[in-house]
Amino acid sequence: MTLFDWSIWALIVFAYVIIQRLAELAYANANTRRLLAEGGREHGAKHYPLFILLHSGWLVSIALFAEPTAEPNLLLLNAFVASQTFRFWTLASIGRWWTTRIISAPHFPRVKRGPYRFIKHPNYALVVVEIALLPLLLGAPAMALTFSILNAALLWWRIRIENAVLGERVGTT
């Protein structure tokens, strides 16, 4: 089965994810440029291309190999909708500080509002859920497991770098 054989609900969900990811990249790139202009510095740049490869591979694999049913699993679909609500809350809370790269400077504040009051890295928690949930929703459980393992390895690397960098910041917002 290919992307073009999918049910309309699966196409809508997948198209939403593609559009949402592209919009986030545009927002993140604008924030990255601004933060660098404000004295920020990129940390951990070596692992960034691996995230691009992982997320691109995840989406391409879903498009090529997922086989959604005619009717969605409503529990998984509702979990996906809830995850997107959490995504918007997370991005709204971090606002101008959110990028897909690690851009920091000691004079940048640490965000402590929204889900950042409760979870140190809410966006990473969300991505963990999404990497597993979308393939499960679209009928690809092996893909969910494979990409979850790869994502966990990259996040382990990235969170160690980010925690060290965040420790240099003073003040909160």
Side-chain angles (χ1 to χ4, degrees), residues 12-56 58-59 62 74-137 144 147-173:
I12 291 169
V13 168
F14 190 69
Y16 162 80
V17 171
I18 298 290
I19 292 166
Q20 177 261 333
R21 289 293 198 272
L22 291 173
E24 278 188 8
L25 278 176
Y27 179 59
N29 288 337
N31 283 346
T32 295
R33 285 189 300 276
R34 186 184 36 71
L35 291 172
L36 290 171
E38 292 175 3
R41 190 169 60 94
E42 183 172 4
H43 301 267
K46 287 182 182 180
H47 73 277
Y48 187 73
L50 297 174
F51 275 100
I52 298 298
L53 184 63
L54 175 81
H55 285 263
S56 298
W58 174 69
L59 291 169
I62 290 170
L74 292 181
L75 179 63
L76 292 175
L77 186 58
N78 284 324
F80 177 76
V81 170
S83 75
Q84 296 314 292
T85 302
F86 188 76
R87 170 178 292 289
F88 293 122
W89 184 36
T90 299
L91 291 179
S93 297
I94 198 166
R96 68 186 301 274
W97 305 105
W98 186 79
T99 71
T100 55
R101 298 176 179 269
I102 302 172
I103 308 296
S104 189
H107 66 278
F108 290 176
R110 288 188 72 163
V111 174
K112 293 288 189 178
R113 63 179 175 256
Y116 292 89
R117 291 177 295 171
F118 312 108
I119 304 171
K120 195 169 188 176
H121 300 285
N123 195 59
Y124 299 153
L126 169 69
V127 171
V128 165
V129 169
E130 286 179 331
I131 291 280
L133 186 58
L134 189 61
L136 288 173
L137 177 62
F147 281 92
S148 290
I149 291 168
L150 294 171
N151 185 54
L154 279 178
L155 282 179
W156 177 82
W157 184 6
R158 182 179 180 105
I159 288 172
R160 289 179 50 204
I161 295 167
E162 191 163 321
N163 283 343
V165 170
L166 288 173
E168 299 172 356
R169 289 187 177 185
V170 295
T172 60
T173 183

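As the structure is a computational prediction, the values presented were derived from the model and not from experiment.
In terms of heavy-atom proximity, Glu38 sits nearest to Arg96 at OE2-NH2, 2.6 Å. Between Gly39 and Phe108 the shortest heavy-atom distance is C-CZ, 4.5 Å. Asn123 and Tyr116 make their closest contact through CB-OH, 4.3 Å (heavy atoms, listed as atom of the first residue, atom of the second, distance). The shortest heavy-atom contact between Pro115 and Ser93 is CD-OG, 3.3 Å. When every heavy atom of Tyr27 is checked against every heavy atom of Gly95, the shortest pair comes out as OH-O, 2.8 Å. Residues Tyr16 and Gln84 come closest through the heavy atom pair OH-OE1, 2.9 Å.
For Arg101, the salt bridge (Lys or Arg N to Asp or Glu O under 4.0 Å) test picks out Glu42, with sequence neighbours left out. For Ile159, the side-chain contact (heavy atoms from CB on, under 4.5 Å) partners are His121, Tyr124, Leu155, Asn163, not counting sequence neighbours. In this structure, the side-chain contact (heavy atoms from CB on, under 4.5 Å) partners of Val129, at least two apart in sequence or on a different chain, are Ser83, Leu133. Applying the side-chain hydrogen bond (donor to acceptor under 3.5 Å, both in side chains) rule to Ser104 yields the partners Arg169; only residues at least two apart in sequence or on another chain are considered. Residues passing the side-chain hydrogen bond (donor to acceptor under 3.5 Å, both in side chains) test with Asn31 are Arg34, sequence neighbours excluded. Partners of Glu24 according to the salt bridge (Lys or Arg N to Asp or Glu O under 4.0 Å) rule, which considers only residues two or more places apart in sequence or in another chain, are Arg87. For Arg41, the side-chain contact (heavy atoms from CB on, under 4.5 Å) partners are His43, not counting sequence neighbours. Applying the side-chain contact (heavy atoms from CB on, under 4.5 Å) test to Arg33 and every residue at least two apart in sequence or in another chain returns Asn29, Ala30. When the salt bridge (Lys or Arg N to Asp or Glu O under 4.0 Å) test is applied to Arg21, the partners found at least two apart in sequence or on another chain are Glu130. Shown here are the ring pair (Phe, Tyr, Trp, His ring centres under 6.0 Å) partners of His107, two or more places apart in sequence or in another chain: there are none.
For the atom pair Ile19 CD1 and Phe14 CZ, the distance stands at 11.0 Å (nearest 0.5 Å). The CG atom of Leu54 sits 9.5 Å away from the CG atom of Leu59 when rounded to the nearest 0.5 Å. Between the CZ atom in Phe80 and the CG atom in Leu75 there is a gap of 14.0 Å [rounded to 0.5 Å]. In this structure, CD1 in Ile62 is found 8.0 Å from CZ in Phe147, a value given to the nearest 0.5 Å.
Contact annotation: the side chain of Leu150 never approaches that of Ile131 to less than 4.5 Å [non-hydrogen atoms, C-beta and beyond].
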Only distances under 3.5 Å count here; give the side-chain donor-acceptor pairs of residues 44-53 to other protein atoms, sequence neighbours excluded, each with its distance to 0.1 Å.
| unit_1 | atom_1 | unit_2 | atom_2 | d |
| --- | --- | --- | --- | --- |
| His47 | ND1 | Gly44 | O | 2.4 |
| His47 | NE2 | Arg158 | NH1 | 3.2 |
| Tyr48 | OH | Thr100 | OG1 | 2.7 |

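Note on ring orientation: taking the six-membered ring where Trp is involved, the planes of Trp89 and Phe118 are tilted (angle from 30° to 60°).
Applying the side chain to side chain donor-acceptor pair (under 3.5 Å) rule to pairs touching residues 147-156 yields nothing, sequence neighbours excluded.
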